[in-house]
Amino acid sequence: MPRKEIETFAVSWLQVLDETGTADPELDPKLPQETLLELQRAMVRARESDARMLRLQRQGRIGTFGPCTGQEASVCGPALAMAPQDWFAGSFRELGGRQIRGEPLTNTFLFHNGFEEGNVQPAGVTRLLPVSIIVGAQTLHAVGAAYAMKYRGEKACVVTFLGDGATSEGDFHEALNFASVWQVPVVFIVQNNQWAISIPRRKQMHCRTIAQRAIAYDMPGLQVDGNDVLGMYVAAREALDRARGGGGPTLIEAVTYRLMMHTTADDPSKYRQDDEVQQWWDRDPLVRFRKYLEARGLWDAQRQALLEAEVKREIDQAVQEFEARRDFPPDAPFDHVFGTRHALIEEQRAQFLADLRLGEGGHA
Amino acid sequence: MPRKEIETFAVSWLQVLDETGTADPELDPKLPQETLLELQRAMVRARESDARMLRLQRQGRIGTFGPCTGQEASVCGPALAMAPQDWFAGSFRELGGRQIRGEPLTNTFLFHNGFEEGNVQPAGVTRLLPVSIIVGAQTLHAVGAAYAMKYRGEKACVVTFLGDGATSEGDFHEALNFASVWQVPVVFIVQNNQWAISIPRRKQMHCRTIAQRAIAYDMPGLQVDGNDVLGMYVAAREALDRARGGGGPTLIEAVTYRLMMHTTADDPSKYRQDDEVQQWWDRDPLVRFRKYLEARGLWDAQRQALLEAEVKREIDQAVQEFEARRDFPPDAPFDHVFGTRHALIEEQRAQFLADLRLGEGGHA
Amino acid sequence: MPKLTMVQAINLGLDQEMQRDDRVIVLGEDVGRDGGVFRVTEGLLAKYGETRVIDTPLAESAILGASIGMALAGLRPVAEMQFCGFSYLMLPQLEGHASRFRARSQGQLTCPLVVRVPYGGGVRALEHHSEARETLYAHLPGVKVVVPSAPRNARALIVAAVRDPDPVVFLEPKRSYRAFREEVPEEEEVMPIGCAIVVRPGTDLTAISWGAMMRPTLQAVEELQKQRKASIELIDLLSLAPLDVETIGASVAKTGRCVVVQESPRSFGPAAELIAVINDRALLQLEAPVKRVTGYDVVTPYFGREHQYIASPARIRRALEETLDF
Amino acid sequence: MPKLTMVQAINLGLDQEMQRDDRVIVLGEDVGRDGGVFRVTEGLLAKYGETRVIDTPLAESAILGASIGMALAGLRPVAEMQFCGFSYLMLPQLEGHASRFRARSQGQLTCPLVVRVPYGGGVRALEHHSEARETLYAHLPGVKVVVPSAPRNARALIVAAVRDPDPVVFLEPKRSYRAFREEVPEEEEVMPIGCAIVVRPGTDLTAISWGAMMRPTLQAVEELQKQRKASIELIDLLSLAPLDVETIGASVAKTGRCVVVQESPRSFGPAAELIAVINDRALLQLEAPVKRVTGYDVVTPYFGREHQYIASPARIRRALEETLDF
Ligand SMILES: Cc1ncc(C[n+]2csc(CCOP(=O)(O)OP(=O)(O)O)c2C)c(N)n1
Ligand SMILES: Cc1ncc(C[n+]2csc(CCOP(=O)(O)OP(=O)(O)O)c2C)c(N)n1
Ligand SMILES: [Mg+2]
Ligand SMILES: [Mg+2]
């Protein structure tokens, strides 16, 4: 066979809800009403939390964070499709997903106010890894945890999230390769929000889709409308089912958009056009899903108002709790260098505390 | 478009000479006789050099090296297709290619005897990077050099070689991505010799071909019979022409086999079967090409004997020259830490030389 | 002379070098349109175009690896790592290749390149955005490590780094980026790499620091000198590798007392090397143990506690006093 | 008791730990069928199968990154880096994650894992196969760094490392892999991490080393003691992080003289930290500068020159003499 095609591959696209909120009848997963309402609640909660955090940040009450507005569907869909025993190995823009996994907003606030206490989860919240800031790195942790699940014979999967920018890191490639060689139960969800800080997708990669990267590993890959929460739910459920059944990893590209700044330290007007942003506001995942619910008689303005009010109360309370927290022992870092005590560390702790008592500890 | 294929991709295979040495008439590049004989000479020279190095190593006259026997075609084809101004950024198993680029065998010996002098190329030998041992790393250097060529408007390309194992490293992914985003003139040649030390291809990757990795970057990719020197020549020439014309990078997978040990420190009988090795000896690239030449009346047993004798003489002479070398100033490393002198280094040099004079320098 | 921040001063240096030499290329994440997340490369894209100011994909190893290839092929890349916390991804390319091409080829191939790395804490940033880890680079043979402490020397040193024939890791103390301004001349200024400077001479004690810790150290010195008669010599290292062992040794041999102020964790940090240099060159003159005021060997705390972990002028002052009184 | 090489001793320790605890998983390049390029994991695949002895693809960051995930999920991975020269590829995962999960989550999540790294020179190997770079790991908070020096302590320390609740970088001095044998008991032996040992007591001088340099140091000490009356205390660090500052301080406070022997480049190397520890704890007792016998700040030479660059017993002996005679 001198010169001929030996393999062919295809990339597919999935959208359940179109931009008007109309579901494709063949693809509509016909989720139970309860699940639909959970999705709605999760997305609204994420949106409202984000808005509040932005205000808190501007008021200097929390530090830098990366808003998730616009990406609620691409995160909440998969997070709700997960089983309780599954692992969540996220990046830093999955607030809605973390909330679904049970992270209290007080923790989120603590984290963004510079306290490790924000990563100490209350009882019952497990298998939720802390925010991972080094882009791409968490995808490898996901693969390792998935290996552990397979090794132990647990029917648990791992879902890991990353951004379009993160796909450029070597770790992402290594993770996909290990996952495919090991055939472990992990789902990679790339939130392709078109930007990595100021770098647009076309400067980040030359390929037409991120989903086609799966081909390099003979891994199932799929491009999904990331602003369609039902599409994301369906895609993730399918991938999780396959993984749980021993079918190995999946790569899902969620096509979505970062509607806000990269983080509160960023000024996107330096590098992108308002009309591009506006176009994506027109595809707001929350509006789309609300139309779907309304068309099915499950939602209306009043319910929306009630939900928003309830969520805001929750947030208010979390802000209060968070701001009431005072117990931040200054020497906590010395407790958690190692699991065992060592003279070197204890001696430094003593020096640290002595300096602190003299009021000489730290810089202004 | 709710759920549908949006992109399709294919991987092709190229073989010009089949295993009997018969060329596909449509694909035969009909190279000038001179080029054919150069290919023959280059492959025989590589094979003989390898054999001699193995003996030298066994006699303790040089140190560890990685034999290239079996992979002469996949390296010599592309190396001969290169233009003089092109860059060669290899790994550690491309002896034939380095020879084509002009590296004297004395240098190879010096290198493998632990002297940096082996990387100092004689006048006229340029754009040949030293052996790169950290697998995958050199692919990034290749991309950077290719960028420089494009930036300067030089019509020069970069050819970089790596192994199947090296494709697992993050650097390889990053290199392919940068190359495709920048559309720089670089050709990646993966010598898929089926093994990375003791790791067989199927434990290294889950994909059916390495060529399909190109799809992840929307880069032309091709799988070639790596034991067919004409196929490799044609594939590389095509890729180089495209690169020179501004068409960007190409990924070529050469399907070949490592007939010998990984390095002289390795014992392959621990992990692979003799009959597998034998099967690949039956596909020896040198035998195949010789049949092609013979069928065209360009070669016979006598010419073969003459060539082998000539090459052996060359090698003998190189061994002599190499073994006569005595000028290895012990403090040379101090000369080449930095391009400028610094008191710290010079002070250490003085200490080093003083210890050496006292006969106290180094360990036994 | 205009008064510039360190950000503006480095920008000026880069701008003038790009003007002067078209082999100079700036590359990194967000260095183009955005002007860098700290705005150090602001305006360069508009002036020099996309082929010379490259917004790269997000991959630190590739940024340095490609820079190596550019340098081998005759360009003079200036790569930016967005934060020190992500720079370790390029350490393998630095250790394995950039630092070695010269030695490997006995000078036939060289890697003149600069890696700019904003580093250090005190800016209330997220995890990985506050570390000081100079040692990891200073310990690598074949790598020069430069740490400016103020706008004017930052500009003179970035120019030196760009022109240097070897790989230079240029650690930019981000706490000093905009903390103060200094007059920086328009005209070219170049400072030598590998040389410390005596910022103020003295006879009773040598205080040594570099980068962002220079300011609290200077403050401590000044406060102390208001309080009591003591002549303190203050040294700004400016380069950590190669280290200016002569200046350090001579100063402590003269004063007999020394305090080193370092932000990074204590163990295996730069202060240890300075103490070793003093041990080699001035032990007999030492009248007190050298004191190191450093970070602790703990995982860098999130920013809620960070201020307690970076030495304050008061802590430095006490170390100075204790060493004087020893 | 059987006499084992260090390779066999580590193998024994791993084997027994795998036997004892099915959470222990071995992974890395060529660790399975091939038994590791140094044969340290020989036989484990046959005994424990492919799910516990994993021949991974060729990617160091992934090997550690996946180990982190395994550890977070309750396993106890023991990863092998084939050579120290390739281990920097996993440094970002180590610095950024393995070392931090405990602090990040205030103890809720932990990373009990071991990274075994053959390191150091003297085996006439290719470039990148001979470096000693302990500092790069010892400087990282949250990371323990262990360096055995002989078969018996290698076995007792690998067991401790596997059981340790934190990430341990286990640097194996490959020059000592097969250089000599020692009796190693079949029965379990565990040595504590973070503790140095006094190999032989003495009163006139403290010699400190670790890993492969212990043997030439011991030889130098013994040679010297044949020649002249001098009581030399020899310390084997065994752990570089956390450092056993008490043992070091107490010894030098007693002897007043010290020589540190290190293979790696001088500047910012472990000897500097030891000198700093001595400065903190025993300066007043010092009767001579601490001498450091080290590698040089040059790019590690290829093996043709390497033997001239690693300190010989003669060079060490002279340092001992000079320090005694100071
Ligand atoms: C290894 C690494 N390099 C650089 C950064 C700095 N950084 C933080 S987020 C970001 C862009 C990430 O883009 P993407 O992956 O698309 O995620 P998004 O922010 O769009 O959600 C960069 C460069 C980082 N966190 N980690
Ligand atoms: C980053 C790195 N890790 C590990 C090694 C050790 N090593 C040398 S060659 C090799 C296998 C390489 O396999 P492959 O890329 O297929 O090339 P081949 O040896 O088959 O030519 C390994 C693991 C290395 N050189 N670099
Ligand atoms: Mg993005
Ligand atoms: Mg191979």
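Below, read A as the first sequence line, B as the second, and so on, with proteins coming before strands; counting in each chain starts at 1.
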Against chain C, work out which of [options] has the most heavy-atom pairs shorter than 4.5 Å and name it.
| options | result |
| --- | --- |
| Asp266(A), Asp355(A), Leu356(A) | Asp355(A) |
| Phe65(A), Phe338(A), Phe115(A), Phe172(A) | Phe115(A) |
| Thr64(A), Val337(A), Asn113(A), Thr167(A) | Asn113(A) |

Could you check whether any side-chain heavy atom of Arg305(C) comes within less than 4.5 Å of a side-chain heavy atom of Pro329(A), counting everything from C-beta outward? yes

Region of [X] in contact with chain C, defined by heavy-atom distances below 4.5 Å:
| X | result |
| --- | --- |
| Leu358(A) | side chain |
| Ile134(A) | both |
| His262(A) | neither |
| Ile197(A) | both |
| Ala265(A) | neither |
| Pro130(A) | neither |

List the steps and the verdict of side-chain contact (heavy atoms from CB on, under 4.5 Å) for Gln351(A) and Arg315(C). CA-CA 11 Å; Gln351(A) 286 164 8; Arg315(C) 200 175 134 211; over 6 Å; no

Short side-chain donor-acceptor distance under 3.5 Å, Asn119(A) and Tyr302(C): yes

Those residues of residues 199-214 of chain A that come under 4.5 Å of chain C on a heavy-atom basis, listed by number, are Ile199(A), Lys203(A), Gln204(A)

Rounded to the nearest 0.5 angstrom, the CD1-NE2 distance for Ile133(A) and His129(C) is 6.0 Å

OG (Ser267(C)) and CD1 (Ile345(A)) are apart, to the nearest 0.5 Å, by 7.0 Å

Scanning both residues in full, the closest heavy-atom pair of Phe303(C) with His112(A) reads CZ-O, 3.4 Å

All heavy atoms of Ala59(C) vs all of Ser168(A), minimum pair found to be CB-O, 3.4 Å

With a 4.5 angstrom heavy-atom cut-off, is it the side chain or the backbone of [X] that approaches chain A, or both, or neither?
| X | value |
| --- | --- |
| Pro216(C) | neither |
| Arg39(C) | side chain |
| Gln219(C) | neither |
| Leu89(C) | side chain |
| Glu263(C) | neither |
| Thr56(C) | backbone |
| Arg266(C) | side chain |

Highest number of heavy-atom pairs under 4.5 Å with chain A among His128(C), Arg318(C), Arg124(C) belongs to Arg318(C)

Sorted by chain and residue number, the side-chain contact (heavy atoms from CB on, under 4.5 Å) partners of Arg61(A) (sequence neighbours excluded) come out as Leu56(A), Gln59(A), Val319(A), Glu323(A)

Quiz item: Is the CG atom of Asp275(A) crowded by more than 12 outside heavy atoms at less than 6.0 Å?
Solution: yes

Would you indicate whether Gln227(C), at its atom CD, is surrounded by more than 12 heavy atoms from other residues, nucleotides or ligands within a distance under 6.0 Å? yes

With sequence neighbours left out, the residues meeting ring pair (Phe, Tyr, Trp, His ring centres under 6.0 Å) with Tyr296(C) are Phe334(A), Phe352(A), Tyr309(C)

Expected contact set for residues 27-38 of chain C against chain A at heavy-atom separation under 4.5 Å reads Asp30(C), Arg33(C), Asp34(C), Val37(C)

